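Structure, as structure tokens:
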Amino acid sequence: MKDFKLPILFVLLGMTLLLCACTSKNTAPLPKAPNYALNKYWSIRDDNPTKKIDLFFVHPTTYGPPSNGHLIADLDNKKLNRITDRDTIQWITSAFADSCNVFAPRYRQMNIEVLKSGGQKEYIRTPVSDIKAAFKYYLNNLNNGRPFILAAHSQGSYVTRNLMLENPQLVDKNKLVAAYLPGWTFTDKDLADLGMKLSERPDQTGCFITWNTVGPGGISPTVEKGAHCVNPLSWNTETKEFPASDNIEAKIFINENKILRVKNFTAARINAAGALEIPTPPQEVLKQLNMSLGKEVYHRYDYDFFFYNIKENVKERCEAYLKNHK
């Protein structure tokens, strides 16, 4: 799969820190629910799968302010769909596509204003309902019994968390190769309730993988008390720093005409807050980054900074799963 632009609207999560409103209330009717039998509700739907393992991907927030009272995205919004598809889903899933058939639904996501106002518990029901419907349709009509990877980022990881917690029988753990859910906090209770263990080996299957990238002193809004982390340079939870020589190559979106590739881009360690801490990037790179979530918060680069490590690890876990499930 060719390279695609990294989602410009990833950064809109950070823009909410600049909004004045402390509360948000939906003043518009709820947009109609998607029917996942229709292709238009899928960003990517591989109807001619050739690989032995699937990817089911839940995209991060791409719906930003001003919402004008429409706090839940309308899936008939062609402009938003185009941005979500091109600048988010295609970019991230390209790290998985060499090893997996890709299935990525659109869903009625929450506007970033909801994440700012603290109204997630009320509004999260709609995206979770959509992803539940999409996943059930996928299992019943598209999967054909193949093992699968679950992956997401940010709001997508939050939605996937709630989906799994609320529907414990929906995800067949025997068919789950791994769950890559960076960009959100997962606690001891979450892992216990999910019945999953954090990754401790790069070839481990059936495990859970999450991280939130910050620099020295960075405070990310997605890192809450009790957050867990798997280091994508080691694929385990050791807290020592792993060197930049372990970083195969970063693929970083700068603008729609420029993608920055850097071999051995950064070291990384798990810090006391449960975040993935990296050294401040070199100035020639840092000055090109969009730091909308604040100094030393690299949320929008969770996949970028470790892109080729992720790609290689997906291949390794898929091969391990197939070897162990002949």
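Small disclaimer: the values here were computed from a predicted structure and weren't measured.
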Item to complete: Before giving the answer on salt bridge (charged side-chain N to carboxylate O under 4.0 Å, His left out), spell out for Asp47 and Arg45 the whole-Å C-alpha distance, their side-chain angles and the decisive distance to 0.1 Å.
Response: CA-CA 6 Å; Asp47 289 324; Arg45 189 175 109 164; 3.0 Å; yes

Discussion item. I'd like to know whether Ser67 forms a side-chain hydrogen bond (donor to acceptor under 3.5 Å, both in side chains) with Asn111, so could you lay out the CA-CA distance, the side-chain angles of the two residues, the decisive distance to 0.1 Å, and finally the verdict.
Written reply: CA-CA 7 Å; Ser67 69; Asn111 191 282; 4.8 Å; no

Side chain of [X], backbone of [Y]: donor and acceptor closer than 3.5 Å?
X      : Y      : result
Asp302 : Pro182 : no
Asn162 : Ser157 : no
Asn101 : Asp54  : no
Tyr308 : Ala95  : no
Thr210 : Leu181 : yes
Asn231 : Ile270 : no
Asn167 : Leu170 : no
Gln109 : Gln155 : no
Arg146 : Asn143 : yes
Thr160 : Gly156 : yes

Rounded to the nearest 0.5 Å, what's the gap from [atom1] on [X] to [atom2] on [Y]? Could you check?
X      : Y      : atom1 : atom2 : answer
Ser199 : His228 : OG    : NE2   : 13.5 Å
Ser220 : Glu277 : OG    : CD    : 12.5 Å
Lys136 : Ile131 : NZ    : CD1   : 14.0 Å
Thr84  : Arg86  : OG1   : CZ    : 10.0 Å
Glu284 : Leu260 : CD    : CG    : 9.5 Å
Glu319 : Ile53  : CD    : CD1   : 9.0 Å

Worksheet entry | Result of checking Tyr158, Tyr303, Trp211 against His153 for ring-ring contact (aromatic ring centres under 6.0 Å, His included) | Tyr303

Practice prompt. Check Tyr180, Phe135, Tyr137, Tyr36 against Phe56 for a ring-ring contact (aromatic ring centres under 6.0 Å, His included) and give me the one that passes.
Written response: Phe135

Shortest non-hydrogen separation from [X] to [Y] and the atoms involved:
X      : Y      : result
Met110 : Pro127 : CG-CG, 4.0 Å
Ser154 : Trp184 : O-CE3, 3.7 Å
Asp76  : Tyr41  : OD1-OH, 4.5 Å
Thr205 : Ala320 : CG2-CB, 4.3 Å
Ile89  : Ile44  : CG2-CD1, 3.9 Å

Discussion item. Ring centres under 6.0 Å, that's the criterion: do Tyr63 and Tyr107 meet it?
Written reply: no

Worksheet entry | Aromatic contact, Tyr138 with Phe103 (centres under 6.0 Å) | yes

Practice prompt. Tell me, with the steps shown, if His299 and Thr213 meet side-chain hydrogen bond (donor to acceptor under 3.5 Å, both in side chains).
Written response: CA-CA 6 Å; His299 178 75; Thr213 312; over 6 Å; no

Does [X] pair with [Y] as a salt bridge, N-O distance under 4.0 Å?
X      : Y      : result
Lys263 : Glu249 : no
Arg106 : Asp130 : no
Asp98  : Lys51  : no

Heavy-atom check, side chain of [X] versus side chain of [Y], under 4.5 Å:
X      : Y      : result
Phe148 : Leu55  : no
Ile252 : Ile259 : no
Arg317 : Trp235 : yes
Cys318 : Ile149 : yes
Pro232 : Asn313 : no
Leu176 : Met196 : yes
Asn236 : Leu198 : no

Worksheet item: Can you check ring pair (Phe, Tyr, Trp, His ring centres under 6.0 Å) on Phe96 and Phe57, steps first, answer last?
Response: CA-CA 10 Å; Phe96 297 81; Phe57 178 74; 7.1 Å; no

Hphob cluster co-occupancy, [X] + [Y], side-chain heavy atoms under 4.5 angstrom:
X      : Y      : answer
Ile92  : Ile209 : yes
Phe306 : Val214 : no
Ile310 : Val262 : yes
Leu276 : Leu289 : yes

So, [X] and [Y]: side-chain donor and acceptor under 3.5 Å apart, yes or no?
X      : Y      : result
Arg300 : Ser292 : no
Thr185 : Glu224 : no
Ser43  : His59  : no
Asn212 : Thr222 : yes

Discussion item. Enumerate the salt bridge (charged side-chain N to carboxylate O under 4.0 Å, His left out) contacts for residues 185-205, please, sequence neighbours excluded, ordered by first and then second residue.
Written reply: Arg161-Asp190, Lys189-Asp193, Arg201-Asp203

Practice prompt. Any pair with a residue in residues 170-182 that passes salt bridge (charged side-chain N to carboxylate O under 4.0 Å, His left out), sequence neighbours left out, goes on the list, sorted by first then second residue, please.
Written response: none

Discussion item. For Tyr301 and Tyr298, take the angle between the two ring planes, folded into 0 to 90°, and tell me which bin it lands in: parallel under 30, tilted 30 to 60, perpendicular over 60.
Written reply: tilted

Worksheet item: Parallel, tilted or perpendicular: which fits the ring planes of Phe265 and Phe305, with parallel below 30° and perpendicular above 60°?
Response: tilted

Worksheet item: Are Arg108 and Asp74 close enough, and set up right, to give a salt bridge (charged side-chain N to carboxylate O under 4.0 Å, His left out), and what steps lead you there?
Response: CA-CA 6 Å; Arg108 291 174 295 172; Asp74 188 338; over 6 Å; no

Discussion item. Walk me through whether Asp304 and Lys251 qualify under salt bridge (charged side-chain N to carboxylate O under 4.0 Å, His left out).
Written reply: CA-CA 5 Å; Asp304 291 43; Lys251 188 171 75 170; over 6 Å; no

Worksheet item: Taking everything shown except Ile219 itself, do over 12 heavy atoms lie less than 6.0 Å from its CD1?
Response: no

